[in-house]
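Taking it in order: structure first as structure tokens, then the write-up.
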Amino acid sequence: MATKANNVVEVDKVVVKFAGDSGDGMQLSGTQFSDTSAILGNDLATFPDFPSEIRAPQGTLAGVSGFQVHIGHTDIYTSGDDADVLVAMNPAALRYNMSHLKTGSTIIVDGDLFEPKNLKKAGYETNPLEDGSLSNYTVIAAPITSQTRTILKETGLDVKTMDKSRNQFAIGIVFYLLNRDMEEGAKFLAQKFKKKPELIDSNVLVMKGGHNYAHNLQLIHTTYRINPNLTKKGKYRNITGNVATAWGLMAAAERANLPLFLGSYPITPATEILAELAKFKNLGVKTFQAEDEIAGVMSAIGAAYAGSLAATSTAGPGLSLKSEALGLAVMTELPLVVVDVQRGGPSTGLPTKTEQSDLMQALYGRNGEAPMIVMAASSSSDCFHYAFHAAKISLEHMTPVILLTDSYLANGSELWQIPDINQLPEIKAPLVGENVEGGYKPYLRNEENLARYWAVPGQEGNQHRVGGLEKEDVTGSVSHNPHNHEKMVQLRAEKVRRAVVDVPNQELNGPEKGKLLVIGWGSTKGAIFTAWKQLFNEGKDIASACFNYIMPLPANTEEILSGYDQVLVCELNNGQFVNYLRMNFPNIKFTQFNKNQAQPFMVTELVQKFNEILEA
Amino acid sequence: MTEIKYTRKDFVSDQEVKWCAGCGDYSILSAVTNALPEIGINKKDIVFVSGIGCSSRFPYYVDTYGIHGLHGRAAALASGVKVSHPHLSVWIATGDGDSMAIGGNHFIHLIRRNIDVNLILFNNEIYGLTKGQYSPTSPLGHVTKTSPHGTVEHPFKPAELVMGSEGTFFARVPDTNPKMMKEVFIEAAKHNGASIVEVLQNCVIFNNNTHEEITGKEVRDDHQIYLKHGEKMIFGAENNKGLVLEGLKLKVVTIGEDGYTLDDILVHNAKDKDATMHYLLGRMSLPEFPVAMGVIRAVDAAVYNDELEKQISNAKATSKIKNMNDLVNAGETFVL
Ligand SMILES: Cc1ncc(C[n+]2csc(CCOP(=O)(O)OP(=O)(O)O)c2C)c(N)n1
Ligand code: SF4
Ligand SMILES: [Mg+2]
């Protein structure tokens, strides 16, 4: 028997990337790995990496799909920069991921597929397993295909079905390498194949085969352990940003005691919000898959007028189509939640990739003076919180709200501490009773927050009409009076400003005064925070803040921004938030760090940038 | 529900009506306010929805709930009202520009889905509000400010779009016949599904007399046929003309001439699921044919909002997940 690996090294964090053809089950392996890690008590974040083509030719670079998992003994805020462990099910998957590997990382490949045909498809002229190009890595070239077929020889399964279990051989190796619990891995499979029980045993067999192979392999001298994260306590589930967004809206509807209506049109990467909400007829949720984005938002406005918590979900191109209707929602002062899952733009752009380039569109992309509340979620799981609060603010202030998320949050997942829904704040929409005394006046307002009172069809005696024409204050009659228009423009703007009472003060990490403050908004929070923490722990003079509320900005924003030699605004666009801040705070000098690659920030590049400034 | 007795006045709002004097929209408004007391719906449950155009001012003038939307988007707006709150009686007022041009897409999808709303299409074959440009229903060659040499595009017939979208209800009425309008609006209200009523409406300012060949006092009896379910397709000043089918084509015949008797004349079946005959009737035009009026098609089919409510009550009855707390705690969870 071969000598066993006996060195177990404890590490804080590990990034594992599973990559292969679309049909190789990488999503399943990734989830199997992340779920079993969660059971062991690790914190985690995941991110899938799909090609835009649904089924690109097998074995080619265009067909590579991936699933990255970042697990940790300490808190995890991103799905990780470069991988510590790469599982590459074919040569294309290896080639595609080479630039995202840490030096010294472990690469697990299916050695059987590194033959001329597949190497050529991947564009390799020589075999990387033999030409020395991988000398900086630990390579485990396991004969995955042949081993899998051998293990399953007796089962009577056809070769195609057998090959579908190849991912389990790889997972077995990863479980060995990272000391995961095989029993949990098997339980996951039992759950996954509940409806095809004949596949449970075969997959478990292959996983064990992979584990034994790794165990017997002399190459693995050291395995790693990632201990549980003891700061996390309580009940958690793994959730993607899109699901969290959908659930946040549902929770808001429950707390507002209103029916939920979503009018939407499918678009990457927002479609899952529509698909998720469509599941919950049991909770009375209504989804309307409209003929286009305009009909999506218009149907939602109709539902809002009739008394629903109404929402519409889309991505950048769809938000463009909705612009005119958003003006109608502003004018009619109806509650409406608009979720924009941003993607690379302009135009069709990079549909599956992430970017923060819709901020200006969200703030100003409408005709006329049409202020809307704009907020942004900053992690997959806090999409729940921000969707909930978008709905709460919209209903309580009677004004449409745009919630910005993006592809990175939407498709990524992380552990979410399950809240008690009954402990979430109650939502009180300003609904009137029937037969309002003196007659219902559609534009009569709450003096404090300027929200108009809401009457809905079906109520006796409150018949009224709203619409896109300018309305007289209080009565709601159509009005072209210049002074009335002036007043209404100011009222609508002031109403949005006054929503600041429901915006929590901006949090700051690090010193209140000093050399450098780094700023971000939305989904870059995890990367910026991680980079800041690293430098702060090294004793550097650096602070950081990441904004979730953009319109209106938190009340203490100016106070936070003042007091540093430099304020650096980091975003995944060409400088939209920084220019918005410049406009709002002309006395503060901002510098900017922009990335326009339709990719999230890597912690390493932020650290490098921050260091450059600190050392300048 | 307690029966409430309304009169026309109950549906007249306090807003000053601002259409041009002599505009056909006035007679449509009064036919609607005359019909509403007879449909037996509490006015608190009625919502008028519109797009943009002269005709789309309609909701301001009816004392019910109302929402004046965006150009072309009335159908989508109304879909949201009805689907979210199916107990409401939802009416759409829209123009030929609103529903055939900018909103053509929403129009056909509303019909295809068969959402239970009543849509009144004010067809004046012109853009009234923007002062007289040609519309998708203007006849070929029509001269307007934006077509000084005459249009070179073929018009839509709304009836054909309705049939092509598998519509379940289509009717046509002239704005000159208050009695027929009222009868047809009541029929439209009774129909469960998307009811489309095309009103041949006169824009006295920008397209005066566009329907005169159909609606004029002198010609109307010979140039219109009022179709009624179960009745013979007879028309004419002397009530002696009728429609017969020859091969796949309709033909106008005179009873007592060329060997045609009353027995040969077609009987109108508005409830025929097969829309072929309704299509032929809907596209009849002068001078070969009279223009068909009345309810041309009214068939029962699954209704979007009813089906959705059924799915919801089934799901509620069978699911173990009754609220959000059930949901967030269901499935794979981890206790750390
Ligand atoms: C987005 C948009 N485009 C154009 C217009 C200008 N517009 C208003 S009404 C109208 C046409 C109205 O014609 P129709 O729908 O036939 O109504 P009518 O006035 O004839 O009743 C146009 C082009 C607008 N209001 N909004
Ligand atoms: S412009 Fe024509 S359609 Fe508009 S109100 Fe005047 S007459 Fe009626
Ligand atoms: Mg018109």
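Letters A, B, ... mirror the listed sequences (proteins, then strands); counts begin at 1.
Salt bridge B:Glu309/A:Lys281: absent, no basic N to carboxylate O contact under 4.0 Å. Here A:Asp292 does not pair with B:Arg73 in a salt bridge; the nearest charged N to carboxylate O distance is not below 4.0 Å. Taking the charged nitrogens against the carboxylate oxygens, A:Glu291 and B:Arg113 do have a contact shorter than 4.0 Å, which makes a salt bridge.
Heavy atoms of B:Val90 lying under 4.5 Å from chain A are absent altogether. Only the side chain of A:Lys286 comes within contact range of chain B, with at least one heavy atom under 4.5 Å from a heavy atom of that chain. For A:Gln459, the parts lying under 4.5 angstrom from a heavy atom of chain B are both the backbone and the side chain. Within the 4.5 angstrom heavy-atom criterion, only side-chain atoms of A:Ile418, from C-beta onward, approach chain B. Using a 4.5 Å cut-off between heavy atoms, B:Asn314 does not touch chain A at all. In this structure, no portion of A:Val297 lies under 4.5 Å from any heavy atom of chain B. Using a 4.5 Å cut-off between heavy atoms, A:Pro259 touches chain B through its side chain atoms alone. Both the backbone and the side chain of A:Tyr236 come within contact range of chain B, judged by heavy atoms closer than 4.5 Å. Within the 4.5 angstrom heavy-atom criterion, no atom of B:Asp326 approaches chain A. For chain A, the nearby part of B:Val47 is the side chain; its heavy atoms alone come within less than 4.5 Å. With a 4.5 Å cut-off on non-hydrogen atoms, A:Ala325 touches chain B through its backbone and its side chain both. For chain A, no part of B:Leu110 is nearby; none of its heavy atoms comes within less than 4.5 Å. Using a 4.5 Å cut-off between heavy atoms, B:Ser13 touches chain A through its side chain atoms alone. Both the backbone and the side chain of B:Leu70 come within less than 4.5 Å of a heavy atom of chain A. Neither the backbone nor the side chain of A:Ile239 comes within contact range of chain B; no heavy atom of the residue lies under 4.5 Å from a heavy atom of that chain. For B:Ile108, no part lies near chain A; criterion is any non-hydrogen pair under 4.5 Å. Contacts of A:Thr287 with chain B are made by backbone atoms alone, with heavy-atom separations under 4.5 Å and no side-chain atom involved.
Between chain B and the residues A:Ala300, A:Gly467, A:Ala303, the most heavy-atom pairs under 4.5 angstrom are made by A:Ala303. Of the listed residues (A:Glu434, A:Gln191, A:Arg237), the one with the most heavy-atom contacts under 4.5 Å to chain B is A:Arg237. Most heavy-atom pairs under 4.5 Å with chain B, from the set A:Gly468, A:Ala251, A:Gly458: that is A:Gly458.
For A:Phe288 and B:Tyr304, the distance between ring centers is under 6.0 angstrom.
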Checklist entry - Yes or no on side chain to side chain donor-acceptor pair (under 3.5 Å) for B:Lys322 and A:Asn282, after CA distance, side-chain angles and deciding distance? => result CA-CA 7 Å; B:Lys322 302 290 181 200; A:Asn282 53 334; over 6 Å; no
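Formation of a donor-acceptor pair under 3.5 Å by the A:Arg465 side chain with backbone atoms of B:Tyr61 is not found in this model. Remark: the backbone N or O of A:Tyr305 is not paired with any side-chain donor or acceptor of B:Tyr65 at under 3.5 angstrom.
Atoms CG and CZ, from A:Leu469 and B:Arg57 in turn, are 5.0 Å apart once rounded to the nearest 0.5 Å.
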